[in-house]
Every structure is written in C-alpha cells, then in structure tokens.
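Below is one structure, written out as structure tokens, with a few remarks after it.
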Amino acid sequence: MIERLNVRSFKSLESVEIALGQVNVFIGANGSGKSNLLEAVGVIGAAAFGRVDAESLTRRGCRPAMFYRPMFEASRTAADTTIEAIGADGSSYVADLASPDFKLSRQRGEAWQFKREVLNNGKDRVVERPPANGMVSGDPEAGLAALKRAELESSDPAAELLKLLSDYSIYTPDTPMLQGFVKEPPRNPVGLHGGGLAGALADLYEMDATEKQFVVPALRDELEELLSSVEWFGELRTFKSLKLPDGSERPHYGFVDRFFEKKANETYLLGPNEVNEGMLYLLFVAVLCLHPNSPRLFGLDNADHGLNPRLVRHLTEALCRWILGSKPNRQIFMTTHNPLVLDGLPLQDDRVRLFTVSRTNLGRTTIRRVEMTPKLIEQGNQGWTLSRLWVMGHLGGVPNV
C-alpha cells in the first residue's frame with residue numbers, strides 16, 4: 001500500500017504532499033484538480049512499468065492532454081514533473097520526468113524522458129539514475145527500475161511497489177459503454193469505462209447451465225444486498241455466453257423487476273440498455289471492488305454520477321467495507337462531487353481518509369485532509385452531518401458559485 005504521495009509540477013499540482021489511507025476520497029469543485037491527482041498516480045504507474053507516453057497513459061485511464069507541466073504565471077517550480085510514492089514498508093520510488101513538447105508529441109508521439117529515477121526497498125537503494133558517479137547512459141525514454149524488477153524476487157518490497165504502481169488504472173463509468181452500445185479495449189476486470197461489466201459479472205457468478213450454482217456465495221450476497229437497496233430490484237441474472245439477435249455470442253446480464261407480472265414458465269429480463277444508468281453505475285462500482293482480478297491500487301473517478309443521495313451514502317458504506325476487508329489489501333483513490341458520500345465514510349477509522357481539494361487565488365491545487373477533531377465529533381453529536389458541514393463551507397473545498 002502507498003503511504004505517502006508527493007507530486008511536483010504536474011498540471012495544476014505545483015507541489016502537494018499527501019499522507020494516504022486505504023480508502024481515500026477527494027471532494028471539491030469542478031476543475032479543482034481531483035482528477036489531476038489520480039492521473040499523477042497514473043504517470044508514476046507508467047514510469048514503474050518502464051515507459052511514459054500517450055499510449056501507456058491512456059491505457060491507465062488518463063485523459064489525453066497537450067500540457068502536463070504547470071502553465072502558471074511566474075511559476076517557481078522546475079519544468080520537469082517529479083512524482084514519489086512511498087510504501088508502508090519503507091520502500092519508495094521517485095521519478096523526475098520531462099514531458100514532451102506538445103507540438104512534437106502530436107507529430108511523433110514522443111515519450112517522456114527520465115531525468116532521475118530512484119528505487120529503494122526500505123533498506124537499500126536498488127536503482128539510482130543517474131548513478132552516484134554522474135555518468136548518464138542508456139535510453140532516456142526507458143525506465144531502469146522496470147528493467148531491474150525482472151532481477152528482483154517477487155517478495156522484495158521494491159518489486160512489490162513497482163507492481164502495485166504499474167497495475168494501477170483509473171476507472172470512470174460511461175453510460176453508452178455500460179449499456180453495450182460502445183466497445184472499449186479490455187482492461188481487468190470491468191473495462192476502464194464499463195465495457196467489460198457483463199464478462200466480469202459472469203466471472204463472479206459462474207452460472208452453470210443446469211444447476212445455476214454460484215461459486216462464491218459471499219460475493220453474491222454482498223452484491224445483491226447492495227442492489228436490493230434499489231426499490232424495484234428483484235433479481236440479477238448473468239450468462240457467460242448468450243446468443244444475441246445480431247447472431248453474436250457474448251456474456252450478458254439482465255434484471256428482474258419485482259413489480260413485473262410473473263408467469264409460470266417465463267421471466268421478463270431488463271437488459272443493461274433498459275434500466276436507469278444509476279443501476280449500472282452501482283453495479284460497476286460493486287463489481288470493481290469485489291472482483292478478484294481488480295488491481296490492488298486503483299482510482300475511481302466520478303462514480304457517483306446518476307445516483308440519488310441516499311443510494312450514494314449506502315454505496316459508500318459498502319465500498320469502505322469491501323476495500324477495508326479485501327484480501328490482499330486494496331487501496332482506492334476516489335473523487336466525488338456528491339456531499340452524501342461524506343456521510344458514508346467511517347472517518348473514525350484512520351484507514352479511511354477524506355480530503356478537500358481547491359484552487360488558490362493563483363490557480364494552484366491545494367489538498368487538505370479532514371480529520372475527526374473534537375470539534376467535528378461534537379458537531380456530529382449535535383446532529384451536524386459531514387455533508388451539511390461541507391456544503392456550508394466548514395470543511396473547505398466548496399465550489400465558489
């Protein structure tokens with residue numbers, strides 16, 4: 001797990017240092033820099049994999065951009081981007097990277113260049129670039145830490161940190177992809193935007209054609225307990241391979257509306273294009289958190305879209321329970337605009353952390369942790385919810401409209 005993240009000179013993040021938990025929620029105005037933080041982790045994830053370019057960033061869920069360096073007036077920071085991840089076991093990885101000139105990048109697809117790279121396993125320095133003698137050699141677009149990882153034991157803390165980072169992805173549900181109207185490249189387990197949700201559900205349910213036996217009952221129970229909070233939900237049915245009207249066969253799923261007429265030998269199933277998008281977003285987040293093939297470190301961007309406030313709170317409570325109880329441990333970075341997310345966070349557990357994100361009058365992103373102080377606890381005892389406190393401006397990070 002990553003214990004600390006330090007970012008300098010990346011988009012609106014001129015200089016931020018964050019002490020992380022296992023569940024990390026970032027709330028703030030549109031354009032305050034929440035997604036930029038998730039993408040900074042994507043950059044160091046690509047660096048840990050050995051190459052940072054448009055392709056490696058896109059496949060991790062980062063948005064294509066022309067400018068990665070801060071464009072502030074009178075900026076005092078270096079032009080190069082520096083990102084450091086420090087593990088809970090003392091391991092660390094830092095990369096100084098020069099992003100390509102956007103004109104050259106558009107013409108040739110130029111990769112970022114490694115200026116400095118340091119990998120520690122908690123006891124020893126495993127990689128140092130440039131080395132102590134200052135002699136620079138090798139391809140500046142190729143990460144040395146990724147090459148060194150092949151020589152390390154998988155249990156080495158440095159190798160574990162590199163794998164954690166390189167497997168990172170940002171998941172952002174998208175309605176047309178969830179409905180199956182738009183295809184996307186595969187990315188475990190649900191696709192970056194939901195295009196693989198049907199297959200992931202089939203994996204979880206493992207429906208046998210004759211016995212319809214669920215292989216992992218605990219996961220089914222967790223998932224269906226959440227879905228049952230939707231008033232009309234009756235049942236979820238999945239199919240590993242279903243022949244569709246266009247002649248193709250692929251994984252599929254459908255919902256039973258408990259209010260529909262019931263017949264002895266026939267059940268009406270609502271497909272993903274026939275239910276409200278909130279149900280699909282709910283399913284997307286649940287499967288991402290529960291699926292065994294989900295990354296141990298991932299970002300979840302704007303996943304509260306289309307959900308009513310009480311359902312958002314219920315989903316947040318379930319998400320925290322799933323992530324904190326995951327084996328092996330998982331860690332999540334989640335952005336939100338919905339204040340009801342805050343009311344679902346058990347902030348008395350130090351593994352769950354809330355951060356408000358805002359921009360200074362000079363445009364720099366600032367990130368501040370909200371801690372459960374005696375004052376906040378007293379306000380809670382008086383009936384003040386975190387959502388109410390945030391909306392009223394007592395926690396920071398409130399949109400100025």
Side-chain angles (χ1 to χ4, degrees), residues 171-183 189-191 193-291 300 302-319 321-322 338 340-341 344:
Y171 295 87
T172 308
D174 177 78
T175 301
M177 290 186 182
L178 286 166
Q179 292 174 332
F181 293 131
V182 180
K183 304 295 183 184
V190 294
H193 307 292
L197 181 57
L201 274 170
D203 290 342
L204 279 180
Y205 270 70
E206 289 288 341
M207 299 294 281
D208 179 81
T210 55
E211 299 182 6
K212 299 186 184 302
Q213 189 68 31
F214 188 70
V215 173
V216 192
L219 298 183
R220 177 199 61 191
D221 295 343
E222 288 279 2
L223 179 59
E224 297 202 351
E225 188 276 332
L226 176 67
L227 297 179
S228 65
S229 59
V230 177
E231 186 179 19
W232 59 264
F233 175 76
E235 185 183 347
L236 173 67
R237 296 191 181 182
T238 69
F239 307 89
K240 295 194 73 171
S241 182
L242 183 70
K243 191 168 185 177
L244 300 178
D246 61 4
S248 64
E249 290 190 19
R250 56 180 180 267
H252 189 64
Y253 63 96
F255 301 91
V256 176
D257 189 320
R258 69 185 183 92
F259 296 111
F260 277 12
E261 176 187 7
K262 296 177 177 61
K263 295 184 179 181
N265 298 315
E266 186 177 0
T267 301
Y268 298 110
L269 283 184
L270 296 171
N273 62 320
E274 297 174 299
V275 298
N276 62 84
E277 63 179 7
M279 188 59 148
L280 300 180
Y281 278 56
L282 195 71
L283 196 57
F284 175 92
V285 175
V287 174
L288 179 60
C289 292
L290 291 170
H291 200 286
L300 187 57
N302 296 324
D304 52 42
H305 178 71
L307 301 179
N308 73 66
R310 290 192 176 184
L311 191 54
V312 164
R313 183 179 63 189
H314 189 51
L315 173 61
T316 304
E317 292 170 347
L319 180 148
R321 185 172 66 251
W322 296 333
N338 194 318
L340 266 295
V341 166

Exercise. Using 30° and 60° as the class limits, which term best fits the ring planes of Phe233 and Phe255: parallel, tilted or perpendicular?
Worked result: perpendicular
Exercise. How far apart are the C-alpha atoms of Thr316 and Val312, what are their side-chain angles, what is the distance that settles it, and do they pass the side chain to side chain contact (heavy atoms under 4.5 Å, CB included) test?
Worked result: CA-CA 6 Å; Thr316 304; Val312 164; 4.2 Å; yes
Exercise. Only one of Asn302, Thr175, Asp304 forms a side-chain hydrogen bond (donor to acceptor under 3.5 Å, both in side chains) with Tyr281, so which one is it?
Worked result: Thr175
Closest heavy-atom contact between [X] and [Y]?
{"X": "Pro251", "Y": "Ala198", "value": "O-CB, 3.5 Å"}
{"X": "Pro173", "Y": "Leu178", "value": "CB-CD1, 4.0 Å"}
{"X": "Leu280", "Y": "Gln179", "value": "CD1-CG, 3.8 Å"}
{"X": "Tyr171", "Y": "Pro189", "value": "OH-CD, 3.9 Å"}
{"X": "Leu311", "Y": "Leu307", "value": "CD2-CD2, 4.0 Å"}
{"X": "Glu222", "Y": "Trp322", "value": "OE1-NE1, 2.8 Å"}

Exercise. Do Trp232 and Val230 pass the side chain to side chain contact (heavy atoms under 4.5 Å, CB included) test, and can you show the C-alpha distance, the side-chain angles, and the key distance before you say yes or no?
Worked result: CA-CA 6 Å; Trp232 59 264; Val230 177; 3.3 Å; yes
In a table with atom names and distances, give each donor-acceptor pair under 3.5 Å that connects a side chain of residues 268-276 to protein atoms at least two apart or in another chain.
{"residue": "Glu274", "atom": "OE1", "partner": "Gly271", "partner atom": "N", "Å": "2.7"}
{"residue": "Asn276", "atom": "OD1", "partner": "Gly278", "partner atom": "N", "Å": "3.2"}
{"residue": "Asn276", "atom": "OD1", "partner": "Met279", "partner atom": "N", "Å": "3.0"}

For this session: Could you tell me whether the side chain of Leu201 reaches within less than 4.5 Å of the side chain of Leu223, counting heavy atoms only?
Result: yes
For this session: For residues His291 and Leu204, determine if any side-chain heavy atom of one lies less than 4.5 Å from a side-chain heavy atom of the other.
Result: yes
Exercise. Going through the checks in order, is the side chain to side chain contact (heavy atoms under 4.5 Å, CB included) test met by Val182 and Asp174?
Worked result: CA-CA 10 Å; Val182 180; Asp174 177 78; 5.6 Å; no
For this session: Would you give the length of the straight line joining atom CG of Leu236 to atom CG of Leu227, rounded to the nearest 0.5 angstrom?
Result: 6.0 Å
Problem set entry | OG-CG distance between Ser229 and Asn308, expressed to the nearest 0.5 angstrom | 8.5 Å
Exercise. What's the verdict on side chain to side chain contact (heavy atoms under 4.5 Å, CB included) for Leu288 and Leu300, showing C-alpha distance, side-chain angles and the deciding distance?
Worked result: CA-CA 9 Å; Leu288 179 60; Leu300 187 57; 4.0 Å; yes
Exercise. Taking atom CZ of Arg258 as the centre, does the number of heavy atoms from other residues, nucleotides or ligands within less than 6.0 Å exceed 12?
Worked result: yes
